[in-house]
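Chain letters run A, B, ... following the sequence lines, proteins first and then strands; every chain starts at 1. Values below: all heavy atoms of this structure, side chains included; hydrogens, waters and symmetry mates excluded.
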Amino acid sequence: MTDTPRDLDGGAAEERTLRLAKLDELRAQGIDPYPVRFDRDSLARELHAQYDDTIEAGAETDAVVRVAGRLLLIRRQGKLTFGTLRDGSGTVQLFVSQGVVGEDAFERFNTLDLGDWVGVEGRVMKTRKGELSIKVEQFALLAKALRPLPDKWHGLSDVDTRYRQRYVDLIANDDARRVFEIRFATVRAVRAFLEARGYIEVETPVLHPIPGGAAARPFETHHLALDVDLYLRIAPELYLKRLIVAGFERVFEIARVFRNEGLSTRHNTEFTMLELYEAYADYHDMMALTEEMVADAARHAIGTTSVEWDGHHLELAPPWQRRTLLDLVKEHAGVDVHPSQPVEQLRKVCDDLGVPYEPTWGPGKLILEIYEKTTEANIVGPTFVCDYPREVSPLARPHRDDPTLTERFELIVGGREIANAFSELNDPVDQLRRFEAQARLKQLGDVEAHGVDDDYVRALEYGLPPTGGMGMGMDRLVMLLAGVTSIREVILFPHLRPEVT
RNA sequence: GGGCCGCUAGCUCAACUGGCAGAGCAUCGGACUUUUAAUCCGCAGGUUCAGGGUUCGAGUCCCUGGCGGCCCA
């Protein structure tokens, strides 16, 4: 008797017991239900490409092929059984006739269960109805499935189970597979786009002694041997700019970053950020690069630059709107604000608009808050929102025409931030002052404020050339292209509370 | 953190105002050599998320907790 594996959830106990018994039966017959290998020579998609248009309904070829995959459907019809086999490329029908395989093998085929992995060998044919099929001559069970698949028509829709057991979601739901194919194609396209422009892909540390490059709460950890506290990175920015100091002129990293914040449809604890830096570029160059890159990714991942998302029709083909933040606030909130205005005046604007604020906030932070509460969600875009206040942009260069602002943009699409970019601040003295201003905020209790990174300032003292940089939430880009509004739909294994057993 | 909604068979879903917990698919048994969500006949399958309460009687009402979804902060 087979030892029963531990059953996590007690689901489908009866069926599981039956299938475990089949394992014993197979082994008793000298058949290994988990054989070491099967050599296949064809993929489902290749067979359709080669034969769909070249053979007629009812015809049979001499081509003997070997395919393998998961058995998704079985249609038993007396002495003839049809099966639907899916491999990594697509599906193909199996045609299993008792007259061809013999009584014993036919009986054995009929003990297979939905979900089993099987390998078959047979001739390519088409049924009378014109369905391309493999007329099976030999077959082997490659791996026994002990648990039943979800409903063959409705699939799996319970979101909790879909996220916790993503492997089942991906087996059962074509739409889930489609979303992740878009994700993989998007990442591939972005890499190819940047490499074609002379960017090199680099890897920088995940464990940071000083968390930096973004305003966020980090995860803390501890290095035992060195007895030092470390933080999981919240952004790769400061390391990537060190590489521009070092003389690499165009670098990018597709970086997993970690933020110790609440979970929502827009936030996952760990997510993927693209960051890129280019010497001799400014934020105008970054706008051009960003719009071209996103349009290119869209074409490669979904074949079009027109997307429907969260009730909006979005056109991603360049050029995109370029607007200043102050201008947009004037348009949406009806107020004329500027960081040169006294704090009291800006607080009054907040009061009038019903925007709450903290006493520690300066003019720049007040303006950013007004923008975020009244304007951002209403921008359909894609729009480059330009020229953020200096106070809230500690890593961006002062604006060439107005030193109270910075040369920074955020890309807003469908009311949500997708990317953030600057002409990078490369004046080490100014950078130190900005870090110190952040440190004061941290002392006042702002857990998201930037710390002082002395080594980064030292790197700037060696000279960072004029540089443009951009960071983009890859998960959010994929959401846009896939037409989904929850970040959990684009992350293979999203964070959930631990399963209770 | 707050509000609203959900959790019923392996899966997808029903169950009126509190009154015998059901269907389809999957499974199991049977028929069937051109089906393709095959079809037809039959059987079986339940800690109604957990615990407590109200009631003659709770899937349903109340309380606490768990997990999830949506919205807000």
Do [X] and [Y] sit within salt-bridge range, that is, some charged N less than 4.0 Å from a carboxylate O?
X      : Y      : answer
A/R416 : A/D310 : yes
A/D24  : A/K22  : no
A/D327 : A/K330 : no
A/E436 : A/R440 : no

Could you please name the partner base of [N], counting Watson-Crick and G-U wobble pairs only when both distances are under 3.5 Å?
N     : answer
B/A15 : none
B/C25 : B/G10
B/C70 : B/G3
B/C32 : none
B/G65 : B/C49

Taking only N and O in the side chain of [X], is any of them less than 4.0 Å away from OP1 or OP2 of [N]?
X      : N     : answer
A/K152 : B/C25 : no
A/T81  : B/U33 : no
A/K22  : B/U27 : no
A/R164 : B/G68 : yes
A/S157 : B/U12 : yes

Once you round it to whole Å, what is the distance between [atom2] of [N] and [atom1] of [X]?
X      : N     : atom1 : atom2 : value
A/E103 : B/U33 : CD    : P     : 13 Å
A/R86  : B/U36 : CZ    : P     : 20 Å
A/E131 : B/U36 : CD    : C1'   : 6 Å
A/D151 : B/A14 : CG    : C1'   : 15 Å
A/Q77  : B/A38 : CD    : P     : 11 Å
A/E372 : B/C72 : CD    : P     : 15 Å
A/L114 : B/G10 : CG    : C1'   : 12 Å
A/L94  : B/U34 : CG    : C1'   : 14 Å

For nucleotides [N] and [M], find the distance between their [atom1] atoms and express it as a whole number of Å.
N     : M     : atom1 : answer
B/C63 : B/G2  : P     : 16 Å
B/C5  : B/G22 : P     : 28 Å
B/C40 : B/A23 : P     : 16 Å
B/G42 : B/A26 : P     : 16 Å
B/G69 : B/U64 : P     : 22 Å
B/C11 : B/G3  : P     : 31 Å
B/U54 : B/C20 : P     : 23 Å
B/A9  : B/G46 : P     : 11 Å

For [Y], is the NZ or CZ atom of [X] found under 6.0 angstrom from the centre of its six-membered ring and inside 45 degrees of the ring axis?
X      : Y      : value
A/R259 : A/F271 : no
A/R166 : A/F493 : no
A/R66  : A/F139 : no

Counting the atoms with a prime plus P, OP1 and OP2 as sugar-phosphate, which does [X] contact under 4.0 Å by heavy atoms, base, sugar-phosphate, or nothing?
X      : result
A/T265 : sugar-phosphate
A/Y163 : sugar-phosphate
A/L149 : nothing
A/D160 : sugar-phosphate
A/G155 : sugar-phosphate

By nearest heavy atom, map A/L496 and A/D113 onto RNA chain B; which one lands nearer the 5' end?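 Its nearest nucleotide being more 5', the pick is A/D113.
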5′-ward residue of the pair A/R128/A/L18 relative to RNA chain B: A/L18
Which of the following nucleotides, [options], is nearest to the side chain of [X]?
X      : options             : answer
A/V159 : B/G69, B/A38, B/C11 : B/G69
A/S486 : B/U27, B/C70, B/C11 : B/C70
A/L80  : B/U33, B/A37, B/U12 : B/U33
A/P148 : B/C11, B/U34, B/G10 : B/G10

Provide the closest heavy-atom pair for A/V490 versus A/V478 in the form atom of the first, atom of the second, distance.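 A/V490 and A/V478 have their closest heavy atoms at CG1-CG1, 3.7 Å.
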